[in-house]
Protein chains: 2
Amino acid sequence: MTSADVTRSAIRVDSVEPLWSQAVAAVRMRVADGSLRPGMRLPPERELCLSLAISRVTLRKALLRLVDEGVLKPSHGRGWYVAGDEAKEWPNSLESFSETARRMGLVASSVVLRSEVAMATLDEAERLAIAPGTPVFHLVRVRKLDGVPIAVDRSLVPSHLAPRLDRADFTTASLYETLTRAGLDLVDAGSTIEATEADDDVAAQLGVAERRPILVMHQIVRDRAERPVLSSTIQYAGDRYRLRTFFARAGASSGPMSGFGVD
Amino acid sequence: MTSADVTRSAIRVDSVEPLWSQAVAAVRMRVADGSLRPGMRLPPERELCLSLAISRVTLRKALLRLVDEGVLKPSHGRGWYVAGDEAKEWPNSLESFSETARRMGLVASSVVLRSEVAMATLDEAERLAIAPGTPVFHLVRVRKLDGVPIAVDRSLVPSHLAPRLDRADFTTASLYETLTRAGLDLVDAGSTIEATEADDDVAAQLGVAERRPILVMHQIVRDRAERPVLSSTIQYAGDRYRLRTFFARAGASSGPMSGFGVD
DNA sequence: AAGTGGTCTAGACCACCCC
DNA sequence: GGGTGGTCTAGACCACTTA
């Protein structure tokens with residue numbers, strides 16, 4: 001048995017989770033705990049099939065998913081390799097605030113300015129596709145890195161989707177994790193990103209001069225039924241933060257699409 | 001035969017393209033030419049397998065890919081549906097400038113300020129992972145929508161990867177398409193997005209006041225060998241443009257990842 | 001030539017939706 | 001209960017890498 005060995009032990013047949021999903025978790029675990037280090041080659045697919053006791057098709061579905069997440073890299077004729085730190089820290093979507101903090105070795109913290117349920121205004125109701133006046137949980141946080149204010153984050157969640165959110169302490173808790181644990185499955189998100197100037201409110205909260213550049217990201221996250229679950233507006237101090245994204249085409253094969261936002 | 005019928009005629013066995021990729025193209029064609037309209041249900045998988053003469057596994061690989069591109073939406077127990085215009089215009093990556101123009105019904109054009117080969121500076125060489133002094137193609141364009149200047153786009157391509165780029169007319173041509181046609185396969189891209197102020201150069205080119213907010217997107221596009229092929233820096237007038245992204249988790253199944261940049 | 005990933009197949013069974 | 005997608009399998013053959 002090599003140290004890169006991945007055994008069946010992690011796979012439970014009676015679980016509701018699909019086998020490929022369990023395989024994803026098993027491999028991800030091995031990468032997280034360090035038994036699979038960046039640059040290492042995984043055992044050949046046919047061996048992994050045996051040790052995980054799943055078919056090759058199922059295994060490959062799992063491995064491809066991990067490519068999508070930036071954990072693995074396939075190399076035709078050579079093998080599957082664990083992605084280096086560079087790529088691993090660049091997920092196949094927008095990097096979240098806490099991920100950024102981890103990557104840079106800084107401590108992320110939040111100051112909660114508002115955490116309460118209030119009636120949805122016309123504007124808020126439209127963004128969340130609910131009726132005006134519906135109870136909505138409002139969360140306003142100043143996000144900090146090593147104590148320095150970086151961004152103001154205003155989030156909205158319809159109360160009937162996740163009751164009692166106002167009892168949670170979002171000084172440390174992650175909103176995304178809290179919603180997931182409440183049984184919501186966030187499957188897709190549309191977002192817009194623009195540059196504006198700081199108004200006096202945001203300038204004061206971030207400790208920058210008025211009219212300084214602000215990076216604004218607005219996001220609507222939906223569940224499997226395409227129901228808006230979360231509306232989030234983050235205003236970053238322009239000279240203190242940079243959004244990062246990474247896009248990879250898994251089974252590319254000369255994709256006919258225009259690409260990654262490049263013409 | 002229903003109007004949604006997709007026949008084998010489009011699939012050529014002798015082609016180098018994988019069958020699933022050809023199936024993707026066949027379905028995409030039907031959507032593009034209007035024989036499959038938004039909201040319509042596709043024939044059942046088992047029927048499509050017969051008409052395309054491919055196995056169900058292969059067909060599903062193609063359909064899943066189209067979900068990734070925002071063309072289709074699966075519905076367990078009901079069928080596959082053509083995505084509405086809303087979703088279709090939001091690819092699973094950053095929306096490109098011309099896509100934005102199309103969505104908004106505006107005419108995209110470019111003014112080429114510079115199109116020549118020059119030696120790479122230290123900074124440029126580092127970004128492209130080449131030696132300083134290596135010949136690099138420089139392309140500087142002012143991107144316009146309906147004649148209004150929206151952004152300044154500075155792109156760099158190492159000359160040895162695509163010779164004679166300075167002969168092309170990028171007033172109309174797409175750089176991405178030109179590179180693809182030159183045989184380069186752009187498979188992944190890392191990018192950063194930030195907000196800054198307009199310096200006098202950019203302010204003049206965009207016709208805005210100095211120190212006004214600017215949205216800057218920097219991007220490094222790589223080929224299959226992870227070799228940087230294109231470095232692109234786009235500076236958008238803050239009050240004239242908004243970047244749009246859409247992220248979907250195809251086979252989600254309670255993803256354990258933090259999400260879409262949301263905490 | 002041997003090893004390894006990439007594509008493809010035919011068929012089975014389960015889970016969900018709707019009549 | 002019948003139709004439809006979702007998961008899974010065992011095995012075949014091809015393409016790329018390495019020696």
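Each chain gets a letter, A, B and so on, in the order its sequence line appears, and its residues count up from 1. Side chains included, hydrogens not; waters and symmetry mates left out as well; all remaining heavy atoms used.
Look at CD1 on A:I54: it is 6 Å from P on D:dT9, rounded to the nearest Å. Remark: P of C:dG11 and CG of B:L50 are 11 Å apart, rounded to the nearest angstrom. If you take CG of A:L64 and P of C:dC8, they are 13 Å apart, rounded to a whole angstrom. Distance CG (B:L59) to C1' (C:dC8): 13 Å, rounded to an integer number of Å. Between A:E17 atom CD and D:dC8 atom P there is a gap of 10 Å when expressed in whole angstrom units. Rounded to whole Å, atom P of C:dC8 lies 14 Å from atom CG of B:L63. Remark: P of C:dG5 and CZ of A:R60 are 8 Å apart, rounded to the nearest angstrom. We find that CG of B:L52 is positioned 14 Å from P of C:dA10, with the value rounded to whole Å.
Heavy-atom distances to DNA chain D give each of A:V57 and B:P74 a nearest nucleotide, and the one nearer the 5′ end belongs to B:P74. When each of B:G77 and A:E45 is assigned the nucleotide of DNA chain C bearing its nearest heavy atom, the one mapping closer to the 5' terminus is A:E45.
With A:S21 contributing its side chain and A:E17 its backbone, the two residues share no donor-acceptor pair below 3.5 Å.
If you check distances only, the side chain of A:R46 never reaches the base of C:dG3 with a donor-acceptor pair under 3.5 Å.
Not one side-chain nitrogen or oxygen of A:W80 sits closer than 4.0 Å to the OP1 or OP2 atom of C:dT4. Phosphate contact (OP1/OP2 of D:dT18, side-chain N/O of A:R78, threshold under 4.0 Å): present. Regarding contacts with the backbone of C:dT7, a side-chain N or O of B:K61 is found under 4.0 angstrom from either OP1 or OP2. For the pair B:R41 and D:dT4, the criterion of a side-chain N or O lying under 4.0 Å from OP1 or OP2 is met. Side-chain nitrogen and oxygen atoms of A:T58 include at least one within less than 4.0 Å of the OP1 or OP2 phosphate oxygen of D:dT9.
Just one of B:L66, B:L63, B:D68, B:V71 meets the side-chain contact (heavy atoms from CB on, under 4.5 Å) condition when paired with B:V24; it is B:L66.
You'll find the side chain of A:L156 stays beyond 4.5 Å of the side chain of A:L230, heavy atoms only.
Nearest nucleotide to the B:R56 side chain, out of D:dT4, C:dG6, C:dC13: C:dC13. Taking only side-chain atoms of B:L19, from C-beta outward, the nucleotide of D:dG6, C:dC8, D:dC8 with the closest atom is C:dC8. For A:S55, whose side chain is taken as the heavy atoms from C-beta onward, the closest listed nucleotide among D:dG6, D:dC8, C:dG6 is D:dC8.
Across all non-hydrogen atoms, the minimal contact from B:G39 to B:Y81 is O-CD2, 3.4 Å.
Shown here is A:R37, whose CZ atom has no more than 12 heavy atoms of other residues, nucleotides or ligands within 6.0 Å.
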